[in-house]
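Take a look at the structure below.
FYI, side chains are in, hydrogens and waters are out, and symmetry mates aren't considered; it's all heavy atoms of this structure. Everything quoted here is computed from the prediction, not taken from an experiment.
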Amino acid sequence: MRAEFDIAVVGSGFAGSLIAMIARQLGKSVILIERGAHPRFAIGESSTPLANLLLEELAQRYDLPGVRPLCKWGAWQESLPDVACGLKRGFTFFQHTFGRAFSGELLVAASPRDAIADTHWYRPDFDQHLLAQARETGVEYLDRTALSIEALGENGAVLATQSGTKIRAQFVIDASGPRGFLHRALPLSESAFENFPKTQALFTHFRGVEKWETLHGAPPRAPYPPDDAAVHHVFAGGWIWLLRFNNGLTSAGVAVTDELAAELALHEGASAWNRLLERLPSVRAQFAAAIPATPFIHQPRVAFRASAAVGENWAMLPAAAGVVDPLLSTGFPLTLLGIERLARIIAKDFPTNALAEYERQTFAELDATAALIATLYANMHDFETFSALTLLYFAAASFSESARRLNHPELARSFLLHDDPRFGPALRECCRAPSATRIREAIEPFDVAGLGKRERHPYYPALAEDFLEAAHKLSATRDQAARCLTHAGFH
């Protein structure tokens, strides 16, 4: 193995492998370094339309044919059937009160049919596939390797392995996740998200989880089978997620405030999970015959925000700079937006001003995400307000995806449109004082998915006509919007 590289990427999850192969396609020599080994369990598994579009754009721009099929359920099943994943047609929410059967629901579709649907990424297979793709592009790879920093500054980096091997790189990219390599090695401090609750998580993979539809039937107006989604069971103080894969496994876990975590003794793992299910009879029925396939993992602190995301000859990917919460599946689009921006910086050989702007955008998007999710946590006891608040996310995400598909990225430069002169202030006001009227007014100029049609509540389908009617909001004609829909796979 050579000892000197243009770029060293630390962490070979999907994001590390993706930025490594992009850098290689840009002509850089790259080494990818992993503390563990693949295949391995990883949290963060649910994609979204915006995330899949970003992944598709990266695959096209940097000529990554092994990545392209991963952007839609149909193409994935046709091209890579041995890489496990799950079908995701939308976001499903159920309302719960402890000790009672579920009492409310919200289903928001992300696609009109399975072939162009989103996916849940079974990370042992997904990450291993992207690693193989990175190595095929010429990325060198080391696993089971612990690193320390001997030098990091104006002359680049000298990294030392546990065996004493020295690796020199002009630039280091940290893709090792929250509280990862650079955060520990430099060391850096944490800076909390403003007004965000302290939360903990407990999660694993199960076999034998019953489908909700089998137990409760499918709502007659539901835009998709409720289990073919990212399923959220919401209650005061937290929520449970369920993500089904096509290999028989279901990812399930809970994120709760510290107060509820202490009440449940969440650190006790399986017994804490069973105590929670005792309070949620409708969810307990789903897990009556379920068996954990892996040990429970307790995460004593979910949210994380580093004090810095860049420095002299180093940068963190967004997931290493900060993590908010699994709610609404925001992690993938945040990370892919960061990869897109960092790839452009790599192409220009890391100008300092571009890195400073990358850091500003990274933290601004994390902070905006945290503000919305903190407001959702504060309203989990009030499902009507909670449901209305989620529409802020769906409006911003669908508008951003549509703007990109219509080649108008300037209309949606940031995640959650937080820096848009109209939507940004409205989003912040809705988080400060949420009300149904204020939320409807905020989303109306950006609603391209029929979210403001109150007669549809609580079932929001993905309809071509909504997009065509809203084409003017995207500076497009109806004919341009129709061509965009055809290209995206709508009939």
Side-chain angles (χ1 to χ4, degrees), residues 46 48-51 88-95 104-112 118 219 221-224 226 229-234 239 241 324-330 333-334 365 368-403 411-412 414-418 420 422-463 465-467 469-470 473-474:
S46 189
T48 65
L50 180 57
K88 182 181 179 182
R89 286 286 306 280
F91 288 77
T92 298
F93 300 85
F94 294 112
Q95 175 189 13
E105 57 195 353
L106 171 69
L107 277 71
V108 182
S111 62
D118 302 320
R221 292 195 297 119
Y224 55 83
V231 178
H232 305 67
H233 294 292
V234 181
W239 66 288
W241 68 82
V324 181
D325 193 271
L327 189 62
L328 298 180
S329 307
T330 60
L334 285 169
E365 291 181 339
T369 303
L372 177 57
I373 293 180
T375 310
L376 287 165
Y377 264 93
N379 288 278
M380 284 176 171
H381 67 288
D382 179 355
F383 194 66
E384 183 178 352
T385 302
F386 177 92
S387 298
L389 284 163
T390 66
L391 299 185
L392 291 164
Y393 164 78
F394 293 120
S398 56
F399 184 89
S400 298
E401 179 200 357
S402 301
L411 297 177
S414 63
F415 188 64
L416 284 179
L417 302 175
H418 75 88
D420 183 274
R422 292 181 297 167
F423 193 84
L427 173 65
R428 290 186 284 275
E429 182 61 20
C430 289
C431 290
R432 187 191 66 80
S435 75
T437 299
R438 186 173 285 122
I439 291 168
R440 283 195 298 271
E441 291 173 350
I443 70 173
E444 196 284 327
F446 303 88
D447 181 11
V448 297
L451 300 170
K453 297 181 178 181
R454 283 180 278 177
E455 68 275 12
R456 292 182 179 175
H457 186 78
Y459 309 116
Y460 295 91
L463 301 179
E465 189 58 36
D466 291 327
F467 183 63
E469 289 175 359
K473 299 179 182 180
L474 293 153

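The shortest heavy-atom contact between His418 and Ala368 is CB-CB, 3.6 Å. For the pair Gly90 and Ala229, the tightest heavy-atom approach, listed with the atom from each and the gap, is O-CB, 3.1 Å. Among all heavy-atom pairs drawn from Pro223 and Tyr459, the shortest one is CD-CB, 3.9 Å.
Pairs engaging residues 452-462 under the salt bridge (charged side-chain N to carboxylate O under 4.0 Å, His left out) rule: Lys453-Asp466, Lys453-Glu469, Arg456-Asp466 [sequence neighbours left out]. Judged as a side-chain hydrogen bond (donor to acceptor under 3.5 Å, both in side chains), the pairs with a partner in residues 389-401 (not counting sequence neighbours) are, in order, Glu401-Arg405.
Using a distance-only test at 3.5 Å, with no hydrogens or angles considered, no donor-acceptor pair links the side chain of His233 to the main chain of Val231. In this structure a side-chain-to-backbone donor-acceptor pair under 3.5 Å is missing from Asp420 to Gly424. Without hydrogens or angle criteria, Thr375 side chain to Ala371 main chain gives a donor-acceptor distance under 3.5 Å. For the pair Asn379 (side chain) and Asp382 (backbone), a donor-acceptor distance under 3.5 Å is absent. A donor-acceptor contact shorter than 3.5 Å links the side chain of Thr92 to the backbone of Pro226. Between the side chain of Arg89 and the main chain of Ser111, a donor-acceptor pair closer than 3.5 Å is present.
Proximity of Ser387 to His457: side-chain heavy atoms (C-beta onward) are separated by under 4.5 Å at one or more points. Phe91 has its side chain within reach of Thr48: a pair of non-hydrogen atoms, C-beta onward, lies under 4.5 Å apart. Counting heavy atoms from C-beta on, the side chains of Leu372 and Leu392 come closer than 4.5 Å. For the pair Leu106/Phe94, no side-chain contact is recorded, criterion being any heavy-atom separation below 4.5 Å from C-beta on. Between Leu474 and Phe467 the shortest side-chain heavy-atom distance falls below 4.5 Å. Side-chain contact check for Leu107 versus Pro458: every heavy-atom pair is 4.5 Å or farther apart.
For the atom pair OG1 of Thr369 and CG of Leu334, the computed distance is 4.5 Å after rounding to the nearest 0.5 Å. Note that CG of Leu427 and CZ of Arg422 are 14.0 Å apart. Values are rounded to the nearest 0.5 Å. Annotation: the span from Phe93 atom CZ to Glu105 atom CD amounts to 12.5 Å, rounded to 0.5 Å. To the nearest 0.5 Å, the span separating NE2 on His232 from CZ on Phe386 amounts to 7.0 Å. To the nearest 0.5 Å, atom CZ of residue Arg438 and atom CD1 of residue Ile443 are 14.0 Å apart. Distance check, rounded to the nearest 0.5 Å: CE of Met380 to CG of Leu389 gives 10.5 Å.
In this view, Asp325 and Trp239, Tyr377 satisfy the side chain to side chain donor-acceptor pair (under 3.5 Å) rule, not counting sequence neighbours. Remark: Ala388 engages Ile439 in a side chain to side chain contact (heavy atoms under 4.5 Å, CB included) (not counting sequence neighbours). Judged as a salt bridge (charged side-chain N to carboxylate O under 4.0 Å, His left out), and not counting sequence neighbours, Arg440 has no contacts. For Phe415, the ring pair (Phe, Tyr, Trp, His ring centres under 6.0 Å) criterion is met by no residue, not counting sequence neighbours.
Taking the six-membered ring for Trp and the full ring otherwise, the centers of Tyr460 and Phe394 sit at least 6.0 Å from each other.
Taking 4.0 Å as the cut-off between side-chain N and carboxylate O, Lys473 and Glu444 count as a salt-bridged pair.
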